[in-house]
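Structure first, then comments.
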Amino acid sequence: MTVIQISNLRKTFTTKRKAAGLGGSLRSIFRPERRVTEAVRGITFGLQAGERLGLIGPNGAGKSTTIKMLTGILFPTDGEASVLGYIPWKERRQLAYHIGTVFGQRPQLWYHLPAIDTFQLFGKIYELEDKAIKQRIGFLAEAFEIEDLLETPVRKLSLGQRMRCEIAASLIHRPKLLLLDEPSIGLDVVAKQRIRDTIRRMNEVEGVSVLLTSHDAGDLEALCKRVIIINHGQIVYQDRVSNLKRHYLTTKEVGVRYAQRIPGNFAMENVNILKVGKYGVKLGFNTSEIPADVVLARLAEKGDLVDITISDPSLEEVIANIYQEVEEAQA
Amino acid sequence: MKKYWAIFKTQVINSLAYPTEIMWRSMAILIFLWVFTFLWRVAFDNSSTTILAGLTLHDTLWYLMLAETIELSRPRFANTIAQSVKDGSIAYLLCKPYDFLLYQLSVNAGDTVFRLILTFIFGSALIWRMVGAPPDIWGWPLTLIAFSFGWLINFCLTALIGLAAFVVEEVTPFTWIYQKLIFILGGMMIPIDFYPPWLQNISKALPFSYVMYGPARLFVSPDLERFATLLAGQLAWVAVLGVLVSVAYRRGLRRLAINGG
């Protein structure tokens, strides 16, 4: 079943431009200069039921604008969208019963009240029975490990604790689709990992489809099966995360350390020497050009190895490469 | 309807998050009324009669007590809407399955309850001490009804200003102008009866007097005929403004650009 289908979606904003300083401000009063910003420039993609899709891209790429059009709170300038069979901006309220949303940078929980009050309020807003609300809160509290936090005023929670409550709140009505806009923003590594785990678990247990935006490649790696990379309002790459890795992660870096000083020459065909020290060396190579065991065997011939590290370039570097490739292709 | 009741209740609880703050804010009425008492005493002392424009000093001060209570407990959410447009949190308010305007209505009604009760108690206590017992108790329920419809008119006008934020973002100038209109044409500073006839006519034709002057005047001179006329006017304004607000909301939504990220 298709959960989201959008085709050629566009959104342009008109913003007032103002030159710097007092003079600029005065001029903009009398002769406002308007600029049309194309935030989303013809995006087409689909999301199947139960999928976890990541929309990734740098700040200002048009990720959030796309999510907001999918929830129906922004009207697109052009294009079509169907979310769970609804046209979001025409049937926003009907759609709202079936989707959950989390905007990582804004709170939806009532700030001064304990989270449980907001949970109960949301239950009422989604027209659930009292008993069902209670059961659901119990279930979510356990799944998100927030039993002990529910009765603390939200303002006293840490960001990580609050985010877990925020996401739990957005699932109170068992939505079929969860839209997460930068759910891990500002969190530390441990909190990020916890959030990713719970999102993945809810997807596996309840079958909720997940669309998330992020500019953190870690979210993608840990959470998504498929990825769409957007930049300047356009899709620049889309594929399965595993393909992305296979395609772009064929380069390896090998570092070795020897028991004694090695004056030797490390030059090999198809291998880049990244760093040479007195006791060690770091090499980079592409496994499609030279197998890793060949490289390692040659390094072992040079002396007694004390330590070996083999690493992949990070997904961040991969994505940076893709941006660069696209920009070069456009230029 | 149940969801709006839940929203109302949640906001009532929310408004009690800082009990001392709400106490002190409600006590602000004491300062205003204390000053008013001295001003109006001088005005009445310097005239040769005890009734000015159909009101005694006792009437005038109880009138001002109620008018001040309405002013101080009246929700000022235009800036809240503007703020949520500016910082983007409006996104959450719009993606839940309720009517945005009824949501605002429920939240602001919930916010009014305790401020209204406390301000009324503090204000009454002071004026009772200054000029004696309050007006006839049988007029109170009528006043409460008139107050509720006046509250709705204020809600619609404030919502219109707030929705302007969908287009212009900054609405403080409009709220400022609205407040001055309520002060003067709504009869908050001076009961409208003291105005020259032409200004009285203008004031009574505009919605501002239905928020403040109408209920406050009914409070000091309860009378069924006055109540009926007032209610008819209030209903007409609620109908007109209600339509305007929902049209403005629908139009505004199309133009809304949400800031941030």
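This structure is a prediction, so every number in the text was calculated from the model and none was measured. Below, read A as the first sequence line, B as the second, and so on, with proteins coming before strands; counting in each chain starts at 1.
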Heavy-atom distance under 4.5 Å to chain B: side chain of A:Pro88, backbone, both or neither? neither
With B:Trp140, which residues qualify under side chain to side chain contact (heavy atoms under 4.5 Å, CB included), at least two apart? B:Phe120, B:Pro134, B:Ile137, B:Phe219
Throw together a table of side-chain donor-acceptor distances under 3.5 angstrom for residues 156-167 of chain A, partners on residues two or more places apart or in other chains.
unit_1: A:Ser158; atom_1: OG; unit_2: A:Gln161; atom_2: N; d: 3.2
unit_1: A:Ser158; atom_1: OG; unit_2: A:Gln161; atom_2: OE1; d: 3.4
unit_1: A:Gln161; atom_1: OE1; unit_2: A:Ser158; atom_2: N; d: 2.9
unit_1: A:Arg162; atom_1: NE; unit_2: A:Glu166; atom_2: OE2; d: 3.4
unit_1: A:Arg164; atom_1: NH1; unit_2: A:Phe144; atom_2: O; d: 3.3
unit_1: A:Arg164; atom_1: NH1; unit_2: A:Glu145; atom_2: O; d: 3.0
unit_1: A:Glu166; atom_1: OE1; unit_2: A:Gln108; atom_2: N; d: 3.1
unit_1: A:Glu166; atom_1: OE2; unit_2: A:Gln108; atom_2: N; d: 3.2

Contacting region of B:Leu93 [heavy-atom separation from chain A under 4.5 Å]: neither
First locate atom CD1 of A:Ile73, then atom CZ of B:Phe100, and finally report the distance between them rounded to the nearest 0.5 Å. 11.5 Å
Flag the pair A:Trp89 / B:Leu253 as yes when at least one side-chain heavy-atom distance between them is below 4.5 Å, and no otherwise. no
Contact listing (chain B partner; residues 122-130 of chain A; heavy atom under 4.5 Å): A:Phe122, A:Lys124, A:Ile125, A:Tyr126, A:Glu127
Closest approach of B:Tyr92 to A:Thr101 (non-hydrogen atoms, all atoms of both residues): CE2-O, 3.6 Å
I'd like to know whether A:Arg93 forms a side-chain contact (heavy atoms from CB on, under 4.5 Å) with B:Asp99, so could you lay out the CA-CA distance, the side-chain angles of the two residues, the decisive distance to 0.1 Å, and finally the verdict. CA-CA 8 Å; A:Arg93 269 169 73 187; B:Asp99 183 289; 3.7 Å; yes
Is a side-chain donor or acceptor of A:Arg92 paired with a backbone partner of B:Cys95 at a separation under 3.5 angstrom? no
Over all heavy atoms of both residues, which pair between A:Arg106 and B:Ser89 is shortest? Give the atoms and the distance, please. CD-N, 3.6 Å
More than 12 non-hydrogen atoms from neighbouring residues, nucleotides or ligands closer than 6.0 Å to NZ on B:Lys180, yes or no? yes
Can you measure from OH (A:Tyr111) to CG (B:Asn14) and round to the nearest 0.5 angstrom? 12.0 Å
B:Ala91 and A:Lys68: which non-hydrogen atoms are nearest, and at how many Å? CB-CE, 4.3 Å
Set of residues satisfying salt bridge (charged side-chain N to carboxylate O under 4.0 Å, His left out) with respect to A:Lys192, sequence neighbours excluded: A:Asp216
When A:Glu182, A:Arg155, A:Gln120 are compared by non-hydrogen pairs under 4.5 Å with chain B, the top option: A:Arg155
How far does CZ of B:Phe8 sit from CG of A:Leu121, to the nearest 0.5 angstrom? 13.5 Å
Within 6.0 Å of CD in A:Glu91, more than 12 heavy atoms from elsewhere: yes
